[in-house]
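Note sheet for the following structure.
Read the numbers this way: they start at 1 and go in the same order the structure lists the ligands and their atoms.
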Amino acid sequence: MNKFKYFFILLITATALISCNKDDDDKVETVPLRDYQEQYLKDNDSILKYLKTNYIEEVTADFDVKITKIPAGGTQKSIFDQTQYPLLTRKVYNDNIYYTVYYLVLNEGVGEAPCNYDNIYTSYVGTLLDGTVFDTSNNFGRSFSLDGLGSNGVFVDGWKEIFPKFKSGKANPVNADGTITYSNFGAGMMFLPSGLAYYGGGSGAIKSYTPIAFSFKLFDIQRLDHDGDGIFDINEDINGDGYVYDFRNKELYANPPAELIDDTDGDGLANFIDIDDDGDGYTTYLEITKPTAEVGGTFGPSKYYPFEAFVVVDDPATPNTNEALNSEPKGIPAFLSVGTDPVTGKPINVYDYTTSGRLKIHLDKDHNTTKVSTVTAKK
Ligand SMILES: [Ca+2]
Ligand SMILES: [Ca+2]
Ligand SMILES: [Ca+2]
Ligand SMILES: [Ca+2]
């Protein structure tokens, strides 16, 4: 195993140990948690009952939603039966079981969807299934870290699974008082079994093992780069499902499904937390940087292969300069072939910028390290 990779794991473990440090003198009797599968089936029954006995009384133009119990003899169509707003489900792997989570789409949103490790800016109302509001942001946006880290870290796993199904809104011009409003943001409701909420812990008005619901408005998102390799988490989601997962804890994730794993070199460290995605001993960060000067037989970093398109158009105001020449092709090129410069006799590497579906170089676990480290600077 590469040293830096090992170091990264150690760092994470140390952090986890610190945050789990409990007072040894605590004489609290621990009650074993209920079986997740059994509890999920119970919760799912409660949620289905809720969806079939409540209706959407109102959705305002600002996507405030009012849910009301269908009165005796009432003819209102239940949340479950109505067709105006899509009631969708997502299959979620968590606690070593599979959950089916119901969520209601009031508005999809026009911006970008967060991945399950991004930061979000959202307003929300949390209710019990009897309609009791246990928490609300009063329509103000609040920032949360879906990765669960930091003071804004989200503990409700359901949020991590459902918010990526919605998109952010469009930021309106800044108001005179400095505030920003959003329009056409993603808005919906999620109905969470306790296993994807507070489970045995409870919180405030929420008793242990209580399924809960949230209505929410996703105003904005912030992309994060958890391994600091210069590539956002969302771009390390290799299978493109919008989710990345850290399954290193074998107790929590004994048998993660293959379709949730984004791990190029198969070392158990998902790409978004692996600083060497292809496991060639050469960091992704260096693989996406421009070798400008030779240092110790390799070339030093500065941006060379922009991950996203870097396109400059010719500016008509400067007729003697063609800015378009500064454009670089989109994406990190795959290594294509090696030739030899007939004049200098030095190797010339050729990169493939054009083939669609080509493997980006930092994801190619079969490519030869020495070819990368002795790359000849592009003329
Ligand atoms: Ca990254
Ligand atoms: Ca994925
Ligand atoms: Ca890996
Ligand atoms: Ca690498």
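For Asp274, the N, O or S atom with the smallest separation from the Ca ion (ligand 3) is OD2. For Asp237, the N, O or S atom closest to the Ca ion (ligand 2) goes by the atom name OD1. The minimum distance between the Ca ion (ligand 4) and any N, O or S atom of Asp280 involves atom OD1. Asp267 contributes atom OD1 as its closest N/O/S atom to the Ca ion (ligand 3). Restricting Asp263 to its N/O/S atoms, the shortest distance to the Ca ion (ligand 3) is reached by OD1. Distances from the Ca ion (ligand 4) to the N/O/S atoms of Asp278 are shortest for OD1. Looking only at N/O/S atoms, Asp241 comes nearest to the Ca ion (ligand 2) through OD1. Asp265 has its closest N, O or S atom to the Ca ion (ligand 3) at the position named OD1. Of all N/O/S atoms in Asp262, OD2 sits nearest the Ca ion (ligand 2).
A cation-pi contact links Lys91 to Tyr98, judged by a cut-off of 6.0 Å to the six-membered ring centre and 45° from its axis.
Among residues two or more places apart in sequence or in another chain, the side-chain contact (heavy atoms from CB on, under 4.5 Å) test is passed with Ser137 by Ser123, Tyr124, Arg142.
The Ca ion (ligand 4) has no N, O or S atom of Thr284 inside 3.0 Å of it. At least one N/O/S atom of Asn239, whether from backbone or side chain, sits less than 3.0 Å from the Ca ion (ligand 2). For residue Asp276, no N/O/S atom approaches the Ca ion (ligand 3) to within less than 3.0 Å. Counting backbone and side-chain atoms alike, Leu269 contributes an N/O/S atom closer than 3.0 Å to the Ca ion (ligand 3).
The aromatic rings of Tyr245 and Phe247 sit parallel, their planes meeting at an angle under 30°, below the 60° perpendicular limit. Using bins of under 30°, 30° to 60° and over 60° for the plane-to-plane angle, the ring pair Tyr36/Tyr199 lands in the parallel bin.
For the residue pair Asn94 and Tyr99, no side-chain donor N or O sits within less than 3.5 Å of a side-chain acceptor on the partner. Between the side chains of Lys217 and Asn107, no donor-acceptor pair of N or O atoms lies under 3.5 Å.
You'll find the side chain of Asp276 stays beyond 4.5 Å of the side chain of Leu269, heavy atoms only.
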Donor-acceptor contacts under 3.5 Å from residues 147-154 side chains, at least two apart:
| from | atom 1 | to | atom 2 | distance (Å) |
| --- | --- | --- | --- | --- |
| Asp147 | OD1 | Leu149 | N | 2.8 |
| Asp147 | OD2 | His226 | NE2 | 2.7 |

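Ring-centre distance between Phe134 and Phe214: below the 6.0 Å cut-off.
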